[in-house]
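In what follows, a single structure is set out as structure tokens and then discussed.
This one's a predicted model, so the numbers in the text were calculated from it and none came from an experiment.
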Amino acid sequence: MVWKLKKSLYGLKQASRAWYQKAKVEFEKIRFTRCYSDYSVFIYTNSRKFCIITLYVNDLMVLSNDAKVLKEKKKELMRVFRMKDLGPIHWFLSLEIIQDQAQCLISISQRCYITEVISHFGFSNACLTSTPISINLKLPILHVPEIDTHKYQACIGSIMYAMLGTHPDITYAIGMLSQYSANPSSDHVNVVNCLL
């Protein structure tokens with residue numbers, strides 16, 4: 001006897017792929033095309049009007065330069081998927097999105113996320129430094145870790161999310177420090193602490 005699975009979203013290894021394929025097919029039915037530089041972005045264009053969907057697991061952010069197109073595309077999405085409209089976006093994946101409609105500006109901030117990370121690692125009262133890391137810094141290469149690797153990796157990963165979201169200025173520092181993730185020492189931790 002063979003059982004056919006009707007829903008394959010949670011609990012299966014292939015669930016994320018199945019969900020993505022389902023979403024992609026449904027987006028294409030309502031005339032969205034996948035962005036080839038980022039497969040989680042889908043774009044609809046009609047003359048000068050556009051609508052963009054960003055997909056992250058089961059969260060969608062829908063943007064448009066035309067209110068009528070936005071409303072129409074949201075209705076089409078709601079016919080296909082069981083979802084709810086949370087109104088104008090304020091938060092998405094730890095990113096605070098601030099809209100100034102008077103000046104037609106949108107800004108993105110991770111202030112709350114960064115404050116939480118700094119607090120979590122115990123640096124709320126730390127002094128500021130002018131640069132994230134010294135360019136000529138030489139750190140030791142170890143063959144055995146001297147400290148807890150999981151804590152070091154967690155710290156690097158937490159800072160890396162801020163780098164990817166809103167702080168490309170710390171890319172060099174994160175790139176350098178992540179090289180020592182397998183075998184960190186207290187010297188490496190001191191540099192990470194300065195970065196925090």
Kindly give the heavy-atom pair with the smallest separation between Ile133 and Ala173, and that separation in Å.
->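 That closest heavy-atom pairing would be CG2-CB, 3.6 Å.
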Which heavy atom in His188 sits nearest to a heavy atom in Asn183, and how many Å separate them?
->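 Scanning both residues completely, I find the closest heavy atoms to be CE1-O, 4.0 Å.
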To the nearest 0.5 Å, what is the distance between [atom1] on [X] and [atom2] on [Y]?
X	Y	atom1	atom2	result
Ile98	Ile108	CD1	CD1	9.0 Å
Lys73	Leu77	NZ	CG	8.5 Å
Gln110	Thr166	CD	OG1	3.5 Å
Leu195	Asn193	CG	CG	9.5 Å
Ile174	Ile156	CD1	CD1	4.5 Å
Met78	Lys84	CE	NZ	10.5 Å

Which residues pass the side-chain contact (heavy atoms from CB on, under 4.5 Å) test with [X], sequence neighbours left out?
X	answer
Lys29	Val25, Glu26
Val41	Cys35, Asp38, Ile43, Ile52, Thr54
Ser64	Cys51, Asp66, Val69, Leu70

What is the ring orientation for Phe42 with Tyr20, classed by angle as parallel under 30°, tilted 30 to 60°, or perpendicular over 60°?
->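 The arrangement is tilted - the two ring planes meet at 30° to 60°.
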Could you check whether the rings of Tyr44 and Phe32 sit parallel, tilted or perpendicular, using 30° and 60° as the cut-offs?
->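 Rings of Tyr44 and Phe32: tilted, as their planes differ by 30° to 60°.
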Pair Lys75 + Glu72, salt bridge at N-O below 4.0 Å |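 Here Lys75 does not pair with Glu72 in a salt bridge, since their nearest N and O are not under 4.0 Å apart.
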Enumerate the residue pairs fulfilling side-chain hydrogen bond (donor to acceptor under 3.5 Å, both in side chains) with a member in residues 88-103, sequence neighbours excluded, ordered by first and then second residue.
->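 Every pair satisfying side-chain hydrogen bond (donor to acceptor under 3.5 Å, both in side chains) with a residue in residues 88-103: there are none.
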Donor-acceptor pairs are to be reported for all side-chain atoms of residues 136-155 against protein atoms at under 3.5 Å, with residues two or more places apart or in another chain.
residue, atom, partner, partner atom, Å
Asp148, OD1, His150, N, 3.2
Tyr152, OH, Leu177, O, 2.8
Gln153, NE2, Ser181, O, 3.0

How far apart are the C-alpha atoms of Glu76 and Arg79, what are their side-chain angles, what is the distance that settles it, and do they pass the salt bridge (Lys or Arg N to Asp or Glu O under 4.0 Å) test?
-> CA-CA 5 Å; Glu76 289 176 358; Arg79 274 189 233 121; 5.1 Å; no
Partners passing salt bridge (Lys or Arg N to Asp or Glu O under 4.0 Å) against Lys74 (at least two apart in sequence or in another chain) |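 Lys74: salt bridge (Lys or Arg N to Asp or Glu O under 4.0 Å) contacts with Asp85.
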I would like to know whether Ile118 and Ile114 meet side-chain contact (heavy atoms from CB on, under 4.5 Å); could you show each step before the answer?
-> CA-CA 6 Å; Ile118 289 171; Ile114 293 168; 3.7 Å; yes
Steps toward side-chain contact (heavy atoms from CB on, under 4.5 Å) verdict (Met61, Ile97) = CA-CA 11 Å; Met61 179 169 54; Ile97 301 165; 4.0 Å; yes
Decide whether Tyr113 and Tyr56 are clustered together by the hydrophobic rule: side chain heavy atoms of Ile, Leu, Val, Met, Phe, Trp, Tyr closer than 4.5 Å, transitively.
->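 Same hydrophobic cluster.
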Begin from the C-alpha positions of Asn65 and Lys49 and carry the test side-chain contact (heavy atoms from CB on, under 4.5 Å) through to its verdict.
-> CA-CA 6 Å; Asn65 65 341; Lys49 299 173 184 174; 4.1 Å; yes
Do other residues, nucleotides or ligands put more than 12 heavy atoms under 6.0 Å from Gln21 CD?
->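 Counting neighbours around CD of Gln21, more than 12 heavy atoms of other residues, nucleotides or ligands fall under 6.0 Å, so yes.
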Please walk me through it: do Phe81 and Trp19 pass ring-ring contact (aromatic ring centres under 6.0 Å, His included)?
-> CA-CA 12 Å; Phe81 300 109; Trp19 164 240; 5.5 Å; yes
